[in-house]
Novice: 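I'd like to ask some things about the structure below.
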Protein chains: 2
Amino acid sequence: MPNALERLKQKTTDLRALEAAMGLLNWDQQCYMPKGGAKARALHLSVLSRMHHEQFTSTEMGDLLAQAAEEAEPGSTDEAMVRVVKRDYDLATKLPSELVMEQARLAAEGHEVWVEARANNDFPRFAPILRRVFDLSKRVAECLGYQDHIYDALLDLYEEGATRADCLAMYEALKAETVPLVHAIASRPQNDDSFLYGEWDVERQREFTLKLVRAIGFDLERGRQDVAAHPFCTGWSVGDVRITTRFGSYLPSAIFGSLHEAGHGLYEQNSPEEWDQTPLAGGVSMALHESQSRTWENLVGRSRAFWVRFLPELQQAFPAFAGVDLDRFYRGVNRVQPSLIRVEADEVTYNLHTLVRFEIECDVLTDRLSVDDIPEAWNARYEQYLGIRPPNDAQGCLQDVHWSGGMVGYFPTYTMGNILSFQFWELLTRDLGDPYERIARGEFAPILGWLREKIYSQGRRYTPKELVRRVTGGGMDPRPYVEGLKRKYSEVYGL
Amino acid sequence: MPNALERLKQKTTDLRALEAAMGLLNWDQQCYMPKGGAKARALHLSVLSRMHHEQFTSTEMGDLLAQAAEEAEPGSTDEAMVRVVKRDYDLATKLPSELVMEQARLAAEGHEVWVEARANNDFPRFAPILRRVFDLSKRVAECLGYQDHIYDALLDLYEEGATRADCLAMYEALKAETVPLVHAIASRPQNDDSFLYGEWDVERQREFTLKLVRAIGFDLERGRQDVAAHPFCTGWSVGDVRITTRFGSYLPSAIFGSLHEAGHGLYEQNSPEEWDQTPLAGGVSMALHESQSRTWENLVGRSRAFWVRFLPELQQAFPAFAGVDLDRFYRGVNRVQPSLIRVEADEVTYNLHTLVRFEIECDVLTDRLSVDDIPEAWNARYEQYLGIRPPNDAQGCLQDVHWSGGMVGYFPTYTMGNILSFQFWELLTRDLGDPYERIARGEFAPILGWLREKIYSQGRRYTPKELVRRVTGGGMDPRPYVEGLKRKYSEVYGL
């Protein structure tokens with residue numbers, strides 16, 4: 001009989017096959033599935049996820065994990081593999097299965113209600129669901145356990161080891177620096193970006209975005225780009241990573257959306273080949289993943305150097321840009337303006353959106369705010385942080401999909417990603433010299449190589465905090481981010 | 001505890017979810033998967049098929065089936081459901097699992113070797129695989145058991161209840177009638193079909209074929225058409241049926257390929273909604289399925305009436321056809337000519353191709369022919385039946401994918417489908433009056449309605465033979481087919 005480690009690997013390969021199947025079922029649902037397929041698709045996904053849960057939480061798995069932990073050499077990748085599976089196993093087994101099923105049911109039901117409530121701007125319709133979501137989140141947090149704050153248990157689901165205290169420190173630093181920056185920008189004449197709107201040919205958008213993602217290193221022999229209403233990145237192998245984008249009348253939506261998802265895709269495509277189909281493959285956490293999508297979208301894609309290289313090609317693909325010079329284009333795609341919708345927010349104001357959500361989640365979880373009072377709390381905070389007040393809840397607290405799916409505790413990971421992207425970039429610059437000279441020449445390989453070596457090749461071997469420590473020598477630090485934004489936007493807006 | 005019938009239904013729903021996942025993994029592999037995804041895809045498919053086999057052949061399933069058989073009311077659909085699952089269960093459990101694994105391994109290995117051997121016209125390279133395929137087929141047949149002839153056990157895998165004796169009678173009748181017909185046609189001036197070749201715009205081919213499949217009733221809200229190198233039809237729900245086609249320089253390949261697959265698709269889309277995700281859903285056998293693809297491809301699509309309706313639209317989509325009148329077009333797409341490749345064969349000569357394969361399979365299985373002598377036996381029969389001799393094995397005995405995948409006993413079901421399509425059509429004509437008047441007006445609903453009522457709505461409730469008996473009052477009968485071909489081609493070729 002093979003030893004426990006070998007049997008554990010065999011088991012996790014089986015689970016990986018179920019995850020891959022669910023991944024493809026989801027991808028297809030968002031990219032190609034005809035309307036009539038929805039009912040059966042929901043059934044198939046629920047059956048497969050039940051099979052996965054049953055196989056993963058079996059006592060056999062628990063025994064294997066315990067034995068494998070003894071067999072694994074200290075410091076080996078086997079030990080890391082056991083740790084990763086153990087963490088997921090603990091999370092899966094700490095929750096009673098009736099709670100897991102209740103979550104799944106509520107997410108399915110909640111999504112439907114949310115879509116309707118948002119379309120009709122009808123918060124009271126959604127409120128009963130949202131109450132159940134927060135109640136369930138509290139029960140989940142109690143099952144999982146925490147030391148300091150109930151929020152820690154939920155945040156840990158998405159970002160292992162991160163705490164509410166981390167978030168408070170992070171947002172404190174950001175608020176102090178970015179709110180004045182936003183005000184300073186608001187006092188300046190606004191950048192023109194009207195030239196970015198038009199009737200852009202879809203085929204040309206497809207070709208141009210494919211050219212960009214290929215240029216930065218996304219391998220189309222080991223991945224695809226398709227169209228989806230809500231762009232995402234998924235995958236089930238280092239050799240098969242799928243990104244999606246959308247093509248509309250605001251051209252940056254396709255361009256920066258594609259670069260963003262390709263950033264996620266590069267992380268997955270550069271996971272070590274030898275770890276493929278093992279628990280060590282792929283990105284380590286939401287924040288680390290987001291740091292990479294943000295790096296390629298913002299630090300690379302929204303840089304002046306990037307458009308030194310690509311504006312001529314853009315002008316060739318879309319002759320409407322013939323009269324737009326580099327400076328005007330650069331300032332157009334870096335327009336900063338407080339707005340109501342998170343997913344459309346610019347680099348500077350983005351974190352204020354996640355801050356609003358983080359504060360409200362904390363208050364509801366600790367009964368300092370009732371669900372019924374969320375709309376007012378939301379609107380008041382938008383006024384306070386962004387200086388604008390949502391005219392209705394559809395553009396306010398009903399805008400995000402997360403809560404309807406039961407995802408409470410997720411939002412701060414977006415901001416952590418923003419911060420980490422600048423921290424890594426500072427180190428990359430120190431190691432490689434000014435990366436923007438290379439970007440202007442279209443040389444992305446050294447940048448990708450640095451990120452691969454430091455981050456992508458590490459897979460899930462270390463915890464997110466440990467990985468950040470290994471790369472930076474310390475913890476998450478908002479300074480490079482805040483300084484970077486101030487430097488960039490002082491120039492863009494002539495502050 | 002729910003009764004055994006309920007638990008059996010629950011189990012089969014679970015299995016259906018695994019089948020659906022494998023179906024989508026296969027579809028994606030042929031339509032969208034990037035090259036780099038192949039290795040992981042093979043792994044995922046093998047894991048899922050093992051899970052399926054383990055769950056299906058468990059002793060729990062055997063017990064459930066025995067109890068459910070006692071609970072089911074005689075004559076009820078529950079009884080039919082138990083019969084269908086029992087048949088599949090018996091087939092799955094009669095084979096030792098080492099044999100199943102050996103089959104899977106050989107199919108994977110065999111496919112690779114076959115691709116290479118065909119590309120290099122190298123039969124000796126493929127011969128060792130083919131020997132193992134036939135040896136394994138013999139062992140499988142012995143495990144499954146048979147009464148009269150070893151071929152019966154293998155054919156039954158694809159066409160429940162069909163026997164070699166059925167095939168002999170069928171081919172005897174066909175040979176007697178179609179070989180003289182082919183000779184008579186050969187003595188006449190050949191139809192011109194040069195106008196069907198060209199550089200056809202892919203987007204227009206896509207639009208035109210979508211128009212055709214939609215016109216005959218394929219529902220694109222409950223299905224899709226995509227592109228694949230080897231067109232096929234698949235699906236996992238009455239609401240999600242996927243057909244594929246290909247676009248090249250010979251326009252009929254896209255047109256009739258699309259109609260062919262849409263015929264399969266109509267069968268699946270018109271399976272009863274209430275049986276969706278149960279073992280009674282979908283087509284009952286290979287021959288019945290093929291009868292429907294052939295009906296829509298040939299009896300409908302290659303009729304003069306069909307082009308009364310659609311030639312004007314074809315001319316609009318492809319101006320090159322402006323000078324081609326109905327008669328010339330009709331005779332062009334009904335050109336008969338003995339050729340070497342089965343999948344490109346016309347309606348009249350098609351069955352001679354499957355006959356060659358059937359005879360060779362029988363001879364090898366009974367040791368009257370050795371695998372090494374297949375090429376010579378193949379070429380001799382092509383000369384005898386079709387009057388032409390393959391110049392090499394790539395265009396001869398290496399052309400089909402079936403044997404490399406272990407599918408011995410499959411080919412006669414194609415010809416059964418041809419025969420059944422004409423039998424059904426004769427009855428449809430008796431019930432509805434001349435369908436071609438309707439077709440010329442683009443009215444396909446009555447035809448689809450008749451086929452739905454008689455065949456599609458029956459799902460797998462009856463065995464294929466019982467279904468044919470219920471529709472026709474008797475068994476498979478080549479007469480309508482032979483007479484129909486003679487009538488049609490006497491006119492087309494002025495015999």
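Note that this is a predicted model, so its numbers are computed, not measured. Chain identifiers are assigned alphabetically (A, B, ...) following the order of the sequence lines, protein sequences preceding nucleic acid strands; residue numbering begins at 1 within each chain.
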Novice: Check this for me: A:E203, atom CD, are more than 12 non-hydrogen atoms of other residues, nucleotides or ligands nearer than 6.0 Å?
Specialist: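 More than 12 heavy atoms, drawn from other residues, nucleotides or ligands, come within 6.0 Å of this atom.
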Novice: Under 4.5 Å, counting heavy-atom pairs only, tell me which of B:A38, B:G235, B:S237, B:G223 racks up the most with chain A.
Specialist: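 The answer is B:G223.
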Novice: Between B:Q269 and chain A, which part of the residue has a heavy atom less than 4.5 Å away: side chain, backbone, both or neither?
Specialist: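 Contact with chain A involves no heavy atom of B:Q269 at all.
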Novice: Which one, B:K39, B:M22, B:R50, leads in non-hydrogen pairs under 4.5 Å with chain A?
Specialist: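 Top option by heavy-atom pairs under 4.5 Å: B:R50.
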Novice: For B:D88, what residues pass the salt bridge (Lys or Arg N to Asp or Glu O under 4.0 Å) criterion, not counting sequence neighbours?
Specialist: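 Per chain and number, B:D88 pairs via salt bridge (Lys or Arg N to Asp or Glu O under 4.0 Å) with B:R460.
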Novice: How close do B:W236 and A:H44 get, counting heavy atoms only, and between which atoms?
Specialist: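 What the structure gives for the nearest pair is O-CE1, 3.5 Å.
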Novice: Tell me, do B:E221 and A:P34 make a side-chain contact under 4.5 Å, heavy atoms counted?
Specialist: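 They are not in contact (no side-chain heavy atoms under 4.5 Å apart), so the answer is no.
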Novice: Can you tell me if A:E98 has over 12 outside heavy atoms packed within less than 6.0 Å of its CD?
Specialist: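 Correct, the count exceeds 12.
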Novice: Using a cut-off of under 4.5 Å for heavy-atom pairs, which of B:A21, B:G37, B:A20, B:G36 has the most such pairs with chain A?
Specialist: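 Among B:A21, B:G37, B:A20, B:G36, the one with the most close pairs to chain A is B:G36.
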Novice: Output the distance between atom CG (A:L25) and atom CG (B:D28), rounded to the nearest 0.5 Å.
Specialist: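 These two atoms lie 10.5 Å from each other.
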Novice: Assess the residue pair A:R224 and B:M33 against the criterion (side chain to side chain contact (heavy atoms under 4.5 Å, CB included)); give the C-alpha distance rounded to whole Å, side-chain angles, the decisive distance to 0.1 Å, and a yes or no.
Specialist: CA-CA 8 Å; A:R224 296 182 48 84; B:M33 188 184 79; over 6 Å; no
Novice: Contact part of B:L43 toward chain A, heavy-atom cut-off under 4.5 Å: side chain, backbone, both or neither?
Specialist: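 The answer is the side chain of B:L43.
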Novice: Relative to the ring of B:Y32, is the ring of A:W27 parallel (under 30°), tilted (30 to 60°) or perpendicular (over 60°)?
Specialist: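 The rings of A:W27 and B:Y32 stand perpendicular, inter-plane angle above 60°.
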Novice: Can you tell me which portion of A:Q277 sits under 4.5 Å from chain B's heavy atoms? Options are side chain, backbone, both or neither.
Specialist: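 When you check distances to chain B, only side chain atoms of A:Q277 fall under 4.5 Å.
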Novice: Checking an interface table here. Which of residues 12-19 of chain B come within a heavy-atom distance under 4.5 Å of chain A?
Specialist: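 Near chain A, by residue number: B:T13, B:D14, B:R16, B:A17, B:L18.
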Novice: For the atom pair CE (A:M51) and CE (B:M51), what is the distance rounded to the nearest 0.5 Å?
Specialist: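 Nearest 0.5 Å value for the CE-CE distance: 8.5 Å.
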Novice: Measure distances from A:L220 to the heavy atoms of chain B and classify the residue's part below 4.5 Å as side chain, backbone, both or neither.
Specialist: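 Contact with chain B is through the backbone of A:L220 alone.
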